[in-house]
Amino acid sequence: MSEKNRDGMRSARERLKQQREQDRTREKRRRVLVVSAAVVGVLGLAAVVGVIAAAGGGKESSDKAGPVVPPAGALGGDKPAIPQGRPDAPSTLAVWEDFRCPACAQFESVMRASVHQLVASGALKAEYHLATLIDANLGGSGSLRAANAAACAQDAGKFTAYHDVLYTNQPPETNDAYAKNAKLIELAAKVPGLDTPAFRSCVEEGAHDAWVKKSQEAFKKSDFNGTPTVMLNGQSIFPQKGGEQISPENLKKWVAEANKGKKPGTASPAAGSPGR
């Protein structure tokens with residue numbers, strides 16, 4: 001092969017390499033999906049690792065949502081949250097989530113029973129921070145509408161049950177079905193006693209929209225990369241803690257280690273908590 005042909009092939013390879021790099025950069029700017037297969041429990045279920053927002057990705061609504069009205073019992077401060085469990089439980093699980101986020105639904109599918117068990121036992125209290133990341137990245141309003149509806153369920157003391165219904169019935173990420181209040185009200189029928197005139201009015205009026213947007217602003221100001229972000233006593237545990245992958249068994253072990261020498265919580269659990 002002549003030197004000229006070799007140079008031509010090298011140039012072609014360099015151009016191809018540059019094109020691939022440009023394609024990757026464009027895709028990253030749009031948004032990045034990071035998926036990590038974590039073997040969970042003896043069933044070998046996979047935990048899907050969160051949706052990461054590209055810098056400046058998406059355009060959030062600039063609509064004014066009115067005054068900030070927290071749902072009943074919500075935690076205030078610079079990181080608003082809906083608490084579940086006994087307030088004096090020795091450990092805290094903080095979950096930043098988006099009801100349109102498929103990775104959040106996968107996390108819930110794998111970890112839900114263990115989280116409920118730990119919360120009901122008083123070993124753990126949970127704090128749910130609601131984000132609207134998918135609305136920002138893909139457009140639509142399903143993240144906001146679903147989060148508002150979940151906050152309305154908190155007012156009724158049925159947050160956990162409705163939270164779980166939203167994830168078990170989650171539409172595909174690109175299908176903004178939760179943007180329709182009628183769909184959210186329809187799903188409320190799956191939670192005994194939730195579908196009331198007060199709940200319907202809360203959903204239709206977007207009573208907690210401004211509070212949800214405040215929570216999303218807190219998410220944007222944080223150092224978190226995406227949803228779900230899961231913290232045990234302030235330490236990230238999703239998709240792993242140290243060199244161990246998250247799993248129902250590992251979560252129970254980590255909580256037991258953190259709670260060594262401490263008594264379970266005994267105070268009255270928050271409204272809508274597992275076991276209440």
Side-chain angles (χ1 to χ4, degrees), residues 34-52 73-98 101 103-131 159-161 163-164 167-168 215 218-219 222-276:
V34 176
V35 180
S36 171
V39 176
V40 178
V42 295
L43 298 180
L45 298 175
V48 180
V49 180
V51 180
I52 296 182
L75 301 179
D78 57 354
K79 294 181 179 178
I82 293 177
Q84 299 292 286
R86 301 180 187 278
D88 60 343
S91 283
T92 302
L93 187 76
V95 182
W96 293 80
E97 61 181 6
D98 182 328
C101 164
C104 298
Q106 182 70 2
F107 169 79
E108 285 294 325
S109 175
V110 173
M111 302 299 298
R112 178 184 297 118
S114 296
V115 172
H116 286 352
Q117 180 183 350
L118 289 165
V119 170
S121 72
L124 188 71
K125 59 179 176 288
E127 297 176 356
Y128 292 94
H129 303 265
L130 309 184
F159 172 82
T160 296
H163 169 276
D164 295 349
Y167 278 120
T168 56
S215 181
F219 175 84
S222 74
D223 294 327
F224 306 140
N225 290 323
T227 55
T229 290
V230 186
M231 315 283 287
L232 177 62
N233 297 327
Q235 181 180 6
S236 176
I237 61 169
F238 186 85
Q240 62 183 23
K241 175 179 177 284
E244 296 180 298
Q245 295 285 350
I246 193 170
S247 70
E249 291 76 15
N250 279 341
L251 177 62
K252 292 175 184 177
K253 183 184 74 170
W254 298 336
V255 171
E257 291 171 348
N259 291 356
K260 188 174 182 179
K262 302 175 183 177
K263 295 181 179 180
T266 57
S268 297
S273 299
R276 182 180 174 110

Working for side-chain contact (heavy atoms from CB on, under 4.5 Å), residues Thr229 and Phe238: CA-CA 7 Å; Thr229 290; Phe238 186 85; over 6 Å; no

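- Pairs engaging residues 117-127 under the side-chain hydrogen bond (donor to acceptor under 3.5 Å, both in side chains) rule: Thr92-Lys125, Gln117-Lys252 [sequence neighbours left out].
- The nearest pair of heavy atoms linking Gly122 to Pro90 is O-CD, 3.3 Å.
- Between Tyr167 and His163, the ring-plane angle classifies as perpendicular under the 30° and 60° cut-offs.
- Remark: the backbone N or O of Phe219 is paired with a side-chain donor or acceptor of Ser222 at under 3.5 angstrom.
- A heavy-atom distance below 4.5 Å is found between the side chains of Ile237 and Leu93.
- The CD1 atom of Ile82 lies 10.5 Å from the OH atom of Tyr128; values are rounded to the nearest 0.5 Å.
- Although no hydrogens or angles enter the test, the distance criterion places a donor-acceptor pair under 3.5 Å between the side chain of Thr168 and the main chain of Asp164.
- A 4.5 Å side-chain heavy-atom check between Ser268 and Arg86 finds every atom pair outside the cut-off.
- Residue pairs meeting the salt bridge (Lys or Arg N to Asp or Glu O under 4.0 Å) criterion with at least one member in residues 228-248, sequence neighbours excluded, are Glu244-Lys253.
- Looking only at atom types and distance, the side chain of Thr160 has a donor-acceptor partner in the side chain of Gln84 under 3.5 Å away.
- One side chain, Ser91 or Asn233, offers a donor N or O that lies under 3.5 Å from an acceptor on the other.
- Listed for the Ser215 side chain is no donor-acceptor partner under 3.5 Å among the backbone atoms of Ala131.
- Across Ala123 and Asn259, no two heavy atoms sit closer than the pair O-ND2, 2.9 Å.
- A distance of 9.5 Å separates CG of Asn225 from OG of Ser236, quoted to the nearest 0.5 Å.
- Scanning both residues, Pro83 and Ala270, for their nearest heavy atoms gives O-CB, 3.5 Å.
- In this structure, Leu130 CG and Thr227 OG1 are separated by 11.5 Å, a value rounded to the nearest 0.5 Å.
- Within the structure, the salt bridge (Lys or Arg N to Asp or Glu O under 4.0 Å) test picks out no pair touching residues 256-268 (sequence neighbours left out).
- Rounding to the nearest 0.5 angstrom, the gap separating the OG atom in Ser247 from the CD atom in Gln245 is 9.0 Å.
- Relative orientation of the Trp96 and Phe224 rings is tilted, given thresholds of 30° and 60° on the angle between their planes.
- With contacts defined as side-chain heavy-atom distances shorter than 4.5 Å, the pair Leu232/Leu124 qualifies.
- Under the 4.5 Å side-chain criterion, counting only non-hydrogen atoms from C-beta, Val95 is not in contact with His129.
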